[in-house]
Amino acid sequence: GKLEGRALARHYRWRAEALRHAGKLEDSRREAESARAMFHTAGDIPNEAHCLRLLGHVASDLAAPAHGRRLVARALSLFEEIGDEHGRAQCEVVLGEIDYLLGDHARARNLLAASSLRFLRLGDRLGRAQCMLLLSFVEQGGGSPARAREMTREARREFDGIGYRLGIAQCGISAAHSDHREGKIEESRATARGALSAFRDLGIPRGEAAAERLLAMAALDAGEPAVAETHAEAARAIFDRLADPWGQVEAGLILAQAALDRGDAEAARGQLISCEAHALAEAEPKQHRHLTLAWLAYHEGRFHDALRELDAARAAFKDPCRTGDHTPQLLERFARMGWPKQCATRIVNWRRAIAAAESGRPVIEIADEETIPLPRA
């Protein structure tokens, strides 16, 4: 209660940064907006731009990535006007993260690579490590767990060098995702448990929820739907507390998948209906939702609907060879199921595209048999 003017504005700005990490997004947004208005009045362009960047990051966390991107782009233009290279790099990181979430991985990679070089020239190890960590997730989305793992190791070395515990925990999640993608389920679970413990110690609920979600996916893929439901419920409880629509949908989809694994289509439908209450722009939950709807349609014999959902799932990302973090495992499961010809062809072709992306070979797809009739529900 003893601060005023720019000192008070700086207090609001940095408290807003901390509140975002703590998952208190509305509080963070309110504090950042107060700081932005005060800096604007004072004519402090660099700090106003930092507040705009933060507001954009919060908007993305609250499932408004397009609006968030516009705010960060405004911040970037201000930093460019005043020649602030560090501010530019920090904006490029957030823009890269948002583009990754929206499914435009090519643009995300370009932004993050540019930002990484800028941080390197500035001697900012933390900023560069954050770029490498995000690039690891971009590579995983393209079916490149080996390249993702190398970027994770590079980020981990930087975080270790500066003693940044949050970054080290985030690297644990990235490594666990790489293991999961490569089918190393038990290794993935062990690493995710370690990350979960670290996030709890640090008081980072978003990281804790991400670890619980990954443990839920791994349990489902290991044939343990009851364990998957336990972790998914834990993740959803945290995402509910954070008011995070992305997480609420992703956790709900795993619960629907666990119900389908048990053959309970009614329970799965209920979970999917609850997910439909959230309109998301992010590519990953869109793809996972369409795949889950295809699985439900399979259970109910609605194969025309299943075919439509499979096509919508593959179109979720700008590049159709890109996938969400649970998509390869769901497609592997689908490949073991008895689909009609056209659905089976879609699944085979998609899995071939993923394998080709991992190996760098050209994609060879089976011709689609348009004349094969599909069974009707």
Side-chain angles (χ1 to χ4, degrees), residues 19-29 54-72 93-105 108 133-134 136-138 140-141 170 173-174 176-177 180 192 195-196 199 204-217 220 228 231-257 271-293 312-313 316-318 322-327 329-330:
L19 286 167
R20 191 188 76 81
H21 279 299
K24 298 178 181 179
L25 298 177
E26 283 299 336
D27 292 338
S28 175
R29 184 195 59 76
L54 175 57
L55 285 164
H57 211 165
V58 171
S60 177
D61 290 342
L62 288 169
H67 175 59
R69 199 181 198 288
R70 288 192 294 272
L71 290 172
V72 182
V93 173
V94 181
L95 289 173
E97 179 180 338
I98 292 173
D99 286 340
Y100 161 73
L101 293 171
L102 289 172
D104 192 343
H105 287 186
L133 182 61
L134 284 167
S136 77
F137 282 102
V138 172
Q140 285 170 10
Q170 290 170 328
I173 285 291
S174 178
H177 273 291
H180 182 238
L196 175 62
F199 284 125
I204 306 294
R206 186 178 296 276
E208 186 180 344
E212 290 281 13
R213 174 179 168 270
L214 179 50
L215 286 165
M217 290 192 298
L220 183 65
H231 286 297
E233 289 286 9
R236 186 161 68 176
I238 300 171
F239 285 128
D240 285 345
R241 193 167 74 245
L242 298 175
D244 182 335
W246 180 95
Q248 290 168 318
V249 168
E250 287 284 22
L253 290 175
I254 296 173
L255 290 168
Q257 292 158 14
Q271 293 291 347
L272 283 161
I273 289 171
S274 71
C275 291
E276 288 173 1
H278 304 283
L280 295 181
E282 292 91 342
E284 189 167 67
K286 277 185 181 179
Q287 188 171 83
H288 291 155
R289 178 175 171 273
H290 285 304
L291 287 171
T292 310
L293 286 167
F317 286 81
K318 193 166 184 178
R322 296 268 153 176
T323 62
D325 56 14
H326 202 202
T327 295
Q329 292 79 14
L330 291 172

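In this structure, CG on Asp27 lies 14.0 Å from CZ on Arg20, to the nearest 0.5 angstrom. Atom CG of residue Leu62 and atom CG of residue Leu55 lie 10.5 Å apart, to the nearest 0.5 angstrom. Interatomic distance, CD of Glu208 versus CG of Leu196, reported as 5.5 Å (0.5 Å rounding). The distance from the NE2 atom of His21 to the CD1 atom of Ile204 is 6.5 Å, given to the nearest 0.5 Å. If you take CG on Leu253 and SG on Cys275, they are separated by 4.0 Å, rounding to the nearest 0.5 Å. In this structure, CG in Leu280 is found 11.0 Å from CG in Leu102, a value given to the nearest 0.5 Å.
Summarising the local packing, NE2 of His278 is surrounded by more than 12 heavy atoms from other residues, nucleotides or ligands at distances under 6.0 Å.
When all heavy atoms of Leu242 and Gly23 are compared, the closest pair comes out as CD2-O, 3.1 Å. Gly96 and Ala108 make their closest contact through O-CB, 3.3 Å (heavy atoms, listed as atom of the first residue, atom of the second, distance). Considering every non-hydrogen atom in both Ile98 and Pro65, the closest pair reads CG2-O, 3.6 Å. Leu214 and Ala192 get closest at one heavy-atom pair: CD2-CB, 4.1 Å. The minimum heavy-atom distance linking Ala283 with Gly103 is given by the pair CB-CA, 3.6 Å. Across all non-hydrogen atoms, the minimal contact from Val58 to Leu25 is CG1-O, 3.6 Å.
When atom types are taken as modelled, the side chain of Gln287 and the backbone of Ala313 share a donor-acceptor pair closer than 3.5 angstrom. Distance alone, capped at 3.5 Å, places no donor-acceptor pair between the His326 side chain and the His288 backbone. No side-chain donor-acceptor contact under 3.5 Å links Glu212 to the backbone of Ala251. Formation of a donor-acceptor pair under 3.5 Å by the Arg69 side chain with backbone atoms of Ser60 is not found in this model.
Taking 4.0 Å as the cut-off between side-chain N and carboxylate O, Arg213 and Asp325 count as a salt-bridged pair. Classification of Glu276 and Arg289 as a salt-bridged pair holds, one side-chain N sitting under 4.0 Å from a carboxylate O.
Within the 4.5 Å cutoff, the side chain of Met217 has no heavy atoms near those of the Glu250 side chain. Using a 4.5 Å cut-off on side-chain heavy atoms (C-beta onward), Ser174 and Gln140 make contact. Two residues are said to be in side-chain contact when any heavy atoms from C-beta on lie closer than 4.5 Å; Leu330 and Gln257 meet this criterion.
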For this session: Please assess Lys286 against Phe317 for the test side-chain contact (heavy atoms from CB on, under 4.5 Å), listing each intermediate value before the final yes or no.
Result: CA-CA 9 Å; Lys286 277 185 181 179; Phe317 286 81; over 6 Å; no

For this session: Determine, stepwise, if the pair Glu284 / Leu101 fulfils side-chain contact (heavy atoms from CB on, under 4.5 Å).
Result: CA-CA 7 Å; Glu284 189 167 67; Leu101 293 171; over 6 Å; no

For this session: Would you please test His57 and Val72 for side-chain contact (heavy atoms from CB on, under 4.5 Å) and show each step?
Result: CA-CA 8 Å; His57 211 165; Val72 182; 5.7 Å; no

For this session: Test side-chain contact (heavy atoms from CB on, under 4.5 Å) on Arg236 and Asp240 and set out the steps.
Result: CA-CA 6 Å; Arg236 186 161 68 176; Asp240 285 345; 3.8 Å; yes

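Taking the six-membered ring where the residue is Trp, Phe239 and Trp246 present perpendicular rings, their angle passing 60° and hence far from 30°.
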